[in-house]
Amino acid sequence: MLGFLPSFHLVGAEWGWLVEAEDFWLAYVDARGESRGGPLEVMWPACFEAAGQVRAFPSYRGQRNFPGWYWTATNVQLVGYESWAELAHLMRLDADPDVVAVASQPFQLSWRHGGRDRRVRHTPDYFVRHRDGTAIVLDVRPDERIEPADAAKFAATAAACARVGWHYERVGVLDLVFAANLRWLSGYRHPRVRREETAEDLREVFTQPRGLLAGAQAVGDPIAVLPVLFHLLWCREMTVDLERELLSAATLVHPAPTVVKEVGGDAGTSAAAVAG
């Protein structure tokens, strides 16, 4: 079960009618800050997870959205967001053990439609690289804020992604309970929170499901132990149900899964393998 409220996932050639044949143009800013551009089919192997933002976030009096920067444990760097909804999904991606890199405003797509000379342009919110090398292009937009022109852009972007083997998702508002739990655990995402001796004791205590606070007390002073436990939960070295209810003293903590989140892992190898 995904932790967001309603969304759609468009991948398929059936959306190709939205643009002229082979007319997608992609522009981005590389890791050195230089602008690049060309046909999508030529540009797609670029390492977009290492790209700079192709556009800046606007700031003005009376602004209703809240842009900012979030330090990702996955990238070990700041990644931009343009709204609270984007921030929630950014935290979701940062906590996902299958995600090895996330880039904000990674590129701009443009295309012609209906024989018109003026090109339609769209900048997706995020480019996401997975551990297996696959990629997702992500747009974050609540359902009630999607106008017909927006829906057409999202569908055309899905068609573009399908041409080069990327997945595309448009997601809405993250479930409130899930978002609140992620926000709490994200406060313990930095590697400096980790104490390996305490982490080892916690792994021994939670070899079977056990209440969160009871398990922490079995190791030592909760004031010292709980931050390490929250870090392990963030890294998925132990698991809890983050979507059913808010974290509490009674929340059942389960043993570690097979795959854990590598905080500050190197995403370049995976991307290079795909690009090569």
Side-chain angles (χ1 to χ4, degrees), residues 1-5 7-11 26 28-31 40 43-55 57 67-109 122-141 153-154 157-175 178-179 182 186 189 234-236 242 259-275:
M1 174 182 177
L2 293 175
F4 47 82
L5 295 176
S7 65
F8 59 79
H9 184 151
L10 296 177
V11 175
L26 186 150
Y28 77 103
V29 177
D30 66 19
L40 170 66
M43 306 302 292
W44 77 269
C47 188
F48 293 109
E49 57 268 49
Q53 285 195 178
V54 76
R55 72 175 182 86
F57 296 142
W69 297 91
Y70 169 84
W71 185 86
T72 63
T74 300
N75 290 32
V76 197
Q77 65 182 21
L78 296 172
V79 176
Y81 61 89
E82 207 165 4
S83 66
W84 294 133
E86 286 189 18
L87 175 58
H89 281 284
L90 187 53
M91 290 189 295
R92 172 178 67 84
L93 295 168
D94 194 25
D96 188 335
D98 290 327
V99 171
V100 296
V102 183
S104 173
Q105 311 294 304
F107 54 77
Q108 182 188 78
L109 278 177
H122 177 60
T123 301
D125 292 318
Y126 295 106
F127 182 90
V128 182
R129 184 73 71 183
H130 282 152
R131 186 182 301 275
D132 63 3
T134 58
I136 290 181
V137 174
L138 191 70
D139 274 310
V140 182
R141 185 73 63 86
K153 287 183 178 181
F154 296 153
T157 302
C161 292
R163 290 190 183 186
V164 296
W166 295 337
H167 297 285
Y168 175 77
E169 293 183 5
R170 194 282 301 173
V171 296
V173 177
L174 201 66
D175 174 79
F178 189 28
L182 283 175
S186 71
R189 67 190 182 277
W234 173 265
C235 296
R236 306 296 176 90
L242 296 176
V259 178
V260 299
K261 182 70 172 181
E262 295 179 5
V263 176
D266 182 8
T269 302
S270 175
V274 174

- Message: Donor-acceptor pair, distance only, cut-off 3.5 Å: does the side chain of His89 make one with the backbone of Gly172?
- Response: yes
- Message: Can you give me the closest heavy-atom contact between Pro97 and Arg236, atom names plus distance?
- Response: CD-NH1, 3.6 Å
- Gap between atom OG1 of Thr123 and atom CD of Gln53 - 0.5 Å precision: 10.0 Å
- Looking at side-chain heavy atoms only, is the closest gap between Leu174 and Leu182 below 4.5 Å? yes
- Message: Minimum heavy-atom separation for Trp166 and Ala135, please, with both atom names.
- Response: CD1-CB, 3.6 Å
- Minimal non-hydrogen separation, Pro106 against Tyr28, with atom names: O-CB, 3.5 Å
- Message: For Ala158 versus Tyr168, what's the shortest heavy-atom pair and its separation?
- Response: CB-CD2, 3.5 Å
- For residues Asp94 and Val102, determine if any side-chain heavy atom of one lies less than 4.5 Å from a side-chain heavy atom of the other. no
- Message: So which atom in His122 and which in Pro124 form the shortest heavy-atom distance, rounded to 0.1 Å?
- Response: O-CD, 3.7 Å
- Message: Side chains of Trp44 and Leu26, heavy atoms from C-beta outward: is any pair under 4.5 Å?
- Response: no
- Task: Give a yes or no answer on whether the side chain of Asp98 reaches the backbone of His130 with a donor-acceptor pair at less than 3.5 Å.
- Result: no
- Query: Roughly how far, to the nearest 0.5 Å, is the CG atom of Asp139 from the OH atom of Tyr126?
  - Reply: 10.5 Å
- Query: So Phe178 and Leu242, side chain to side chain contact (heavy atoms under 4.5 Å, CB included) or not? Walk me through it.
  - Reply: CA-CA 5 Å; Phe178 189 28; Leu242 296 176; 3.7 Å; yes
- CZ of Arg189 to CE of Met91, rounded to nearest 0.5 Å, is 8.5 Å
- Note on the structure: When rounded to the nearest 0.5 Å, the distance separating CH2 of Trp71 from CD of Gln77 is 10.0 Å
- Message: Run Asp96 and Val128 through side chain to side chain contact (heavy atoms under 4.5 Å, CB included) and show every step you take.
- Response: CA-CA 11 Å; Asp96 188 335; Val128 182; over 6 Å; no
- Tyr81 and Phe57, any side-chain heavy atoms less than 4.5 Å apart: no
- Message: Once rounded to the nearest 0.5 Å, what's the spacing between atom CZ of Arg170 and atom OG1 of Thr157?
- Response: 12.5 Å
- Student check: side-chain heavy atoms of Phe48 and Val137 closer than 4.5 Å: no
- Message: Measuring only between side-chain heavy atoms, which start at C-beta, is Val79 closer than 4.5 Å to Thr74?
- Response: no
- With rounding to the nearest 0.5 Å, note down the distance linking CG in Asp125 to CD in Glu82. 7.0 Å
- Message: Working note: Met43 + Phe107, criterion side chain to side chain contact (heavy atoms under 4.5 Å, CB included); need CA distance, chi angles, decisive distance, verdict.
- Response: CA-CA 10 Å; Met43 306 302 292; Phe107 54 77; over 6 Å; no
